[in-house]
Amino acid sequence: MDFIQASRGTRDILPDETLYWQHVEAVARQILQRAAYREIRTPIFEQTGLFERGIGEATDIVGKEMYTFDDRGHRSITLRPEGTAGAVRSLIENKLYAQGGVQRLWYTGPMFRYERPGAGRQRQFHQIGVELFGSRNPRADAEVIALAADLLQTLALEDWVLAINSLGSFEDRQDYRSALVRYLEPYKDDLDPDSQQRLYRNPLRILDSKDPNTQAIAQDAPKLQAFLSSESREYFEQVLHLLEALQIPYQLDHCLVRGLDYYTHTAFEFKLVELGTQGTLCGGGRYDRLVAELGGPEVPAVGWAIGLERLISLLQGRLDLDPVSPDVYLVARGQVAEEQSLTLARALQQRHFAVELDLSGSAFAKQLKRADRSGAPLCLVVGEAEAEAQQVQLKWLASGDQQMRSQAELMEQANILREKINLAKSPKRL
RNA sequence: GCGGGCGUAGCCAAGAGGUUAAGGCAGUGGAUUGUGGUUCCACCAUUCGUGGGUUCGAGUCCCAUCGUCCGCCCCA
């Protein structure tokens, strides 16, 4: 077989599934809009340097997971592995920070990471994310976390766990980092190979290593908490206090470090146990230095991103979305009738009816069967006799009742028809 | 990147070296030449992801390759 398949780690989202995507997008749009977030759409590829600087050279994403290539102008281009760097670049480039104190933005779209694919992990995957720029207030952290909680809640996902930690200010972290390295250095040879690699590049990540030996060593390592300045500590306590006021349950997780370099202070993850290894549904935090680091002014920020593939796979197990069925199924037989049916379908569609036209020209029995399966409450039948008389047969599929109307009459009575269809389509109540 | 499982029709699947590749759902045609949801009948894989090998004989064994899933790593 010389058929060319979809690339490894990519997949098609077929119509039965786009139903769920559209639902999630609609819910997200609604929730974010009413909290005054506005959508931003940034390019899918950026200059490689943006991610190297923004995400951090020491991270796994930059180190081994980027889709990077040279374009025809010999520029190094990278397909975006996450959404924040591009949003920040855009904020700076378009001087959005100048339009008043706070910018609330959200985005959705595909992201790319060159990784080994698995369940809930694709090379092209999708995220929806928010970025709140310009506030150093703990209420901003709480607002953003509350939005994620509301979104999950509204989507009927209630059994999440919110893990949260404070990484302190950049300075706190620098201090801690050197203390940690000082502590770990004597054990260097006992660490697992990955952790040895990270000792000088990204020592904080050693803390959540799964290797038992490393874990034992990490047990007695100095704690990040001890290095937080009193300001950092107080900030974090305020965030936690606000979460309590919002009745959002959380679990302190002092090992939560997050993979990206740019986080400061608050870092959090929403996890679902049933997702297993790929259990993180939403990850985020505060990144007060990133805008400045990428060449902008000192603009503090908080945000998160939700992985849509994981979200939707959960949703499919819990939420039964009705497939969209037409209002009217239009059936015709005979050359004149078939021609009229096309005109009729269009006229009804222009009057905002959802109309499915049967193109088969097969026996009425077959077409009726399809009408039934389409889920439409009403079937319109145009045979040779009706076509001759410019008429149409209305057949209500639930009852089998039938009426003859002239085609002109049908259009005039569109409003009445609309009501009847809505009634027939409204869910049955007991 | 490392370790392991899997790959038979649009979907779910039986099949464990001997040849007619079960069955179900869906689909198509007919019983019903202009009326559906039930029923009945017929049709629906020259071929088992792909390529090579072993064998008289391979869906079944071996190798490679692609894809997928699980674990590790990491993340969304």
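Protein chains get the first letters and strands the later ones, always in sequence-line order, with residue 1 at the start of each.
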**OP:** Anything under 30° is parallel, anything over 60° is perpendicular, the rest tilted; go ahead and classify A:Y262 against A:Y287.
**Re:** tilted
Original post:
Over how many whole Å does the gap from A:D60 atom CG to B:C74 atom P extend?
Top reply: 7 Å
**OP:** Look through every strand shown and name the nucleotide pairing with B:C2 as Watson-Crick or G-U wobble, where both distances are under 3.5 Å.
**Re:** B:G71
**OP:** Spell out yes or no: do the side chain of A:R121 and the base of B:C69 have one donor N/O and one acceptor N/O closer than 3.5 Å?
**Re:** no
Original post:
For the base of B:G34, is there a side-chain donor-acceptor partner from A:Q367 under 3.5 Å away?
Top reply: no
Subject >> Watson-Crick/G-U partner (both atom distances under 3.5 Å) of B:A16 >> reply: none
Original post:
Which is true for A:A332 with a 4.0 Å heavy-atom rule: it touches a base, it touches only sugar-phosphate, or it touches nothing?
Top reply: nothing
Subject >> Distance-only donor-acceptor test, A:E115 side-chain atoms vs B:A76 base atoms, 3.5 Å >> reply: yes
Subject >> Minimum-distance nucleotide to A:A365 side chain [options: B:U35, B:G1, B:G27] >> reply: B:U35
Original post:
Within this structure, what is the CG-to-P distance between A:L256 and B:C74, rounded to whole angstrom?
Top reply: 14 Å
Subject >> A:L256 and A:Y263, any side-chain heavy atoms less than 4.5 Å apart >> reply: no
Subject >> Heavy-atom closest pair, residues A:L242 and A:A142 >> reply: CB-CB, 3.7 Å
Subject >> Which nucleotide in B:A76, B:G36, B:G30 has an atom nearest any side-chain atom of A:F125 >> reply: B:A76
Original post:
Rounded to the Å, how far apart are A:Q5 CD and B:U50 P?
Top reply: 11 Å
Subject >> Sugar-phosphate, base or nothing in reach of A:E309, heavy atoms under 4.0 Å >> reply: nothing
Subject >> A:L272 CG to B:C75 C1', straight-line distance once rounded to whole Å >> reply: 16 Å
**OP:** Test the A:R123-A:F112 pair against the cation-pi criterion, namely NZ or CZ under 6.0 angstrom from the six-membered ring centroid and within 45° of the ring axis.
**Re:** no
**OP:** Name the nucleic acid region contacted by A:C379, choosing base, sugar-phosphate or nothing; use a 4.0 angstrom heavy-atom cut-off, strictly under.
**Re:** nothing
Original post:
Touch check for A:I306, heavy atoms < 4.0 angstrom, all strands: base, sugar-phosphate only, or nothing?
Top reply: nothing
Original post:
Rounded to whole angstrom units, what separation is found between the CD atom of A:E386 and the C1' atom of B:U35?
Top reply: 10 Å
Subject >> A:L155, A:I128, A:T280, A:V24 screened by side chain to side chain contact (heavy atoms under 4.5 Å, CB included) with A:I306, the one that passes >> reply: A:I128
Subject >> Span that lies between the P atom of B:G18 and that of B:A58, in whole angstrom >> reply: 12 Å
Subject >> Nucleotide paired to B:C61 in any strand shown, Watson-Crick or G-U, under 3.5 Å >> reply: B:G53
Original post:
Expressed as a whole number of Å, how far does the P atom of B:G10 sit from that of B:C6?
Top reply: 23 Å
Original post:
Between atom CZ in A:R116 and atom C1' in B:U68, what is the gap in whole Å?
Top reply: 10 Å
**OP:** Flag the pair A:W160 / A:F270 as yes when their ring centroid distance falls below 6.0 Å, and as no otherwise.
**Re:** yes
**OP:** Mind checking A:A6 for me? I need base, sugar-phosphate or nothing, with any heavy atom below 4.0 Å counting as a touch.
**Re:** nothing
Original post:
Whole-Å distance between B:C75 P and A:F270 CZ?
Top reply: 18 Å
Original post:
Can you check the A:R333 CZ to B:G36 C1' distance for me, whole Å?
Top reply: 15 Å
Subject >> Opposite nucleotide pairing with B:G7, Watson-Crick or G-U, both atom distances under 3.5 Å >> reply: B:C66
Subject >> B:U38 pairs with, by Watson-Crick or G-U criteria that keep both distances under 3.5 Å >> reply: none
Original post:
Taking for each residue the nucleotide of RNA chain B with the nearest heavy atom, is it A:K395 or A:R8 whose nucleotide lies nearer the 5' end?
Top reply: A:K395
Original post:
Mapping A:E65 and A:G9 onto RNA chain B by nearest heavy atom, which one lands closer to the 5' end?
Top reply: A:G9
**OP:** Determine the contact category for A:G129: base if any of its heavy atoms lies under 4.0 Å from a base atom, sugar-phosphate if only primed atoms, P, OP1 or OP2 are that close, otherwise nothing.
**Re:** nothing
Subject >> B:C74 and B:A13, which share atom name P, separated by this distance in whole Å >> reply: 34 Å
**OP:** When you get a sec, tell me which of B:G29, B:C75, B:G36 is the closest nucleotide to the side chain of A:R113?
**Re:** B:C75
Original post:
If you measure from the C1' atom in B:G71 to the same atom in B:A21, how many Å do you get, rounded?
Top reply: 35 Å
Subject >> Which atom of A:L397 lies closest to which atom of A:L378, heavy atoms considered >> reply: CD1-C, 4.3 Å
